[in-house]
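Below, chain A is the first sequence line, B the second, and so on; all start at residue 1. It should be emphasised that the depicted structure is a prediction, and the values quoted were computed from it without experimental measurement.
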Number of protein chains: 2
Amino acid sequence: MTLHHDIARKLAEAGIPLTSQRLLIACELFAEHCHLSADELLLRVGSLTPDISRATVYNTLKLFSQKGLVQELVVDNGKRVYDSNTAPHPHCYNADTGELTDVHQPLQLAGPLPELPPGTALERVDIIVRVRNVA
Amino acid sequence: MTLHHDIARKLAEAGIPLTSQRLLIACELFAEHCHLSADELLLRVGSLTPDISRATVYNTLKLFSQKGLVQELVVDNGKRVYDSNTAPHPHCYNADTGELTDVHQPLQLAGPLPELPPGTALERVDIIVRVRNVA
DNA sequence: CTTCCGGTTTAGACTGTGTCTAAAAACTGA
DNA sequence: TCAGTTTTTAGACACAGTCTAAACCGGAAG
Ligand SMILES: [Mn+2]
Ligand SMILES: [Mn+2]
Ligand SMILES: [Zn+2]
Ligand SMILES: [Zn+2]
């Protein structure tokens, strides 16, 4: 029924026990498709009652990404962002503003994937279109 | 003639005045195709005489990448690496070991680039094949 | 109800990467 | 030689992320 019920089911399906902190964090992540860093998320949930510790935000985001609920992206300047859309899709990064947006047009690779190094398996292919503001 | 002369010319063509520190750093970068972080490079030149300060390594790498002599990459875990190969080419990243290698097979995108956000111009398209060690 | 016990959260110290500042040093040209 | 500019430098600083050890919580057992 409610958004909270949807989220509770989502966590249960991923085998993640429900806690109030996880519910709050998931609520913020899944309300809309977004690209949030840990500290941005901390700021958002921090404006709610009661506060959630920084360590919990970091731990929870790592847990969610390990369980496949969000996608961890590193695009620039050493700040990880978490993408609530786990489907593979390319991104557009503005190197001047730091803004990260989705590319909805599905950029595909031409031809087959390269042979991977021995002993490794494909995780995913990241495609990032880097742009700059025109003068 | 010598490698040092090649490098001196390369810097001159890029409009970068030559200094002993820049020569040493460039020498380490361009001797072979490599992906080095600032601190890895600092370690390498630090084993030579006389030491170069950390600030100079950071400043020089930023200068080189602004002038197009190297390519700055951010692939994971908030550590920048500098690629002495400035041609666009895809990379393979092992998320378990942190190893970053070149993909020599030229992965191309199928179809046209997406429409860029208004007021922006394309810088480049990064393609990163992420792999993991098999169990 | 009380006790126990595993998983969870928490504050705060700590690490590593990168930036900034102000002074020293090294060039440059007159 | 001397002034002006660029470059280098040490060290302080900012920030993202990790780690640790203790507090907390909720359910099961007694
Ligand atoms: Mn996305
Ligand atoms: Mn490369
Ligand atoms: Zn909610
Ligand atoms: Zn050399």
Side-chain angles (χ1 to χ4, degrees), chain A residues 7-8 11-12 14-28 35-46 48-67 69-83 95-96 98 100, chain B residues 7-8 11-12 14-28 35-46 48-67 69-83 95-96 98 100:
Chain A
I7 289 172
L11 296 198
I16 300 175
L18 189 62
T19 69
S20 69
Q21 292 88 344
R22 285 171 184 163
L23 182 62
L24 218 60
I25 290 171
C27 210
E28 204 60 43
H35 307 105
L36 288 176
S37 74
D39 283 319
E40 284 164 357
L41 190 77
L42 176 62
L43 206 68
R44 291 203 186 186
V45 300
L48 311 170
T49 52
D51 285 12
I52 298 181
S53 78
R54 209 165 71 103
T56 295
V57 172
Y58 275 87
N59 291 341
T60 301
L61 287 173
K62 183 174 291 182
L63 178 67
F64 282 5
S65 74
Q66 280 166 353
K67 297 296 189 177
L69 266 59
V70 295
Q71 196 174 167
E72 190 180 280
L73 300 177
V74 178
V75 128
D76 200 22
N77 96 329
K79 185 184 282 189
R80 295 177 198 186
V81 300
Y82 293 87
D83 189 337
D96 288 319
L100 184 68
Chain B
I7 289 172
L11 296 199
I16 300 175
L18 189 63
T19 70
S20 68
Q21 292 89 345
R22 285 171 185 162
L23 181 61
L24 218 60
I25 290 172
C27 209
E28 205 60 44
H35 308 105
L36 287 176
S37 73
D39 282 321
E40 285 163 356
L41 190 76
L42 176 63
L43 206 68
R44 292 202 185 185
V45 300
L48 311 172
T49 52
D51 285 11
I52 298 180
S53 79
R54 209 166 71 104
T56 296
V57 172
Y58 275 87
N59 291 341
T60 301
L61 286 173
K62 182 173 292 182
L63 178 66
F64 281 6
S65 74
Q66 281 167 352
K67 297 295 189 177
L69 267 59
V70 295
Q71 196 173 168
E72 190 180 280
L73 301 177
V74 178
V75 127
D76 200 21
N77 98 327
K79 184 185 280 188
R80 295 176 199 188
V81 299
Y82 292 87
D83 189 337
D96 287 320
L100 183 69

Send over the distance from [X] [atom1] to [N] [atom2], rounded to a whole Å.
X        : N       : atom1 : atom2 : value
Leu42(B) : dT8(D)  : CG    : P     : 14 Å
Ile25(B) : dT7(D)  : CD1   : C1'   : 12 Å
Tyr58(A) : dT18(D) : OH    : C1'   : 10 Å
Leu11(B) : dT6(D)  : CG    : P     : 18 Å

Sidechain-backbone polar pair: Arg22(A) side chain, Thr60(A) backbone, donor-acceptor under 3.5 Å: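 Side chain of Arg22(A) to backbone of Thr60(A): no pair is present.
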Protein-nucleotides 23-25 of chain D N/O pairs under 3.5 Å:
none

Pairwise distance [atom1]([X]) to [atom2]([Y]) - rounded to 0.5 angstrom:
X         : Y        : atom1 : atom2 : value
Leu100(B) : Ser37(B) : CG    : OG    : 11.5 Å
Gln71(B)  : His35(B) : CD    : NE2   : 8.5 Å
Ile25(A)  : Ile52(A) : CD1   : CD1   : 4.5 Å
Arg80(A)  : Lys62(A) : CZ    : NZ    : 6.5 Å
Thr19(B)  : Leu24(B) : OG1   : CG    : 9.5 Å
Leu42(A)  : Thr56(A) : CG    : OG1   : 9.5 Å

From CA spacing to verdict: side-chain contact (heavy atoms from CB on, under 4.5 Å), Leu69(B), Leu63(B): CA-CA 9 Å; Leu69(B) 267 59; Leu63(B) 178 66; over 6 Å; no
First encountered from the 5' end of DNA chain C, between Ala55(B) and Asp39(B):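 So the residue in question is Asp39(B).
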With respect to the phosphate group of [N], does any side-chain polar atom (N or O) of [X] fall under 4.0 Å of OP1 or OP2?
X        : N       : answer
Arg22(B) : dT6(D)  : no
Lys62(A) : dT18(D) : yes
Ser53(B) : dT9(D)  : yes

Any side-chain heavy-atom pair of Arg44(B) and Leu36(B) under 4.5 Å: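 Yes, their side chains come closer than 4.5 Å.
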Contact boundaries on DNA chain C for chain A, cut-off under 4.0 Å to non-hydrogen atoms: dT8(C) to dA11(C)
Residue Arg80(A), side-chain heavy atoms: nucleotide from dT9(D), dA12(D), dG17(D) that is nearest: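 For the Arg80(A) side chain, the nearest candidate turns out to be dG17(D).
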Angle between terminal axes - the helix from dC1(C)-dG30(D) to dA30(C)-dT1(D), 5 pairs each end, rounded to 10°: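 Rounded to the nearest 10 degrees, the bend comes out at 0°.
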Chi angles and distances behind the side-chain contact (heavy atoms from CB on, under 4.5 Å) call for Arg54(B), Tyr58(B): CA-CA 6 Å; Arg54(B) 209 166 71 104; Tyr58(B) 275 87; 3.8 Å; yes
Most 5' of Ala38(A) and Arg54(B) on DNA chain D, judged by nearest nucleotide: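 Looking at the nearest nucleotide for each, Arg54(B) comes out on the 5' side.
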Sugar-phosphate, base or nothing in reach of Thr19(B), heavy atoms under 4.0 Å: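 Thr19(B): backbone/sugar contact only, no base atoms under 4.0 Å.
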Taking every non-hydrogen atom, the tightest pair across Ala8(B) and Leu18(B):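 Heavy atoms only, the tightest pair is CB-CD2, 4.0 Å.
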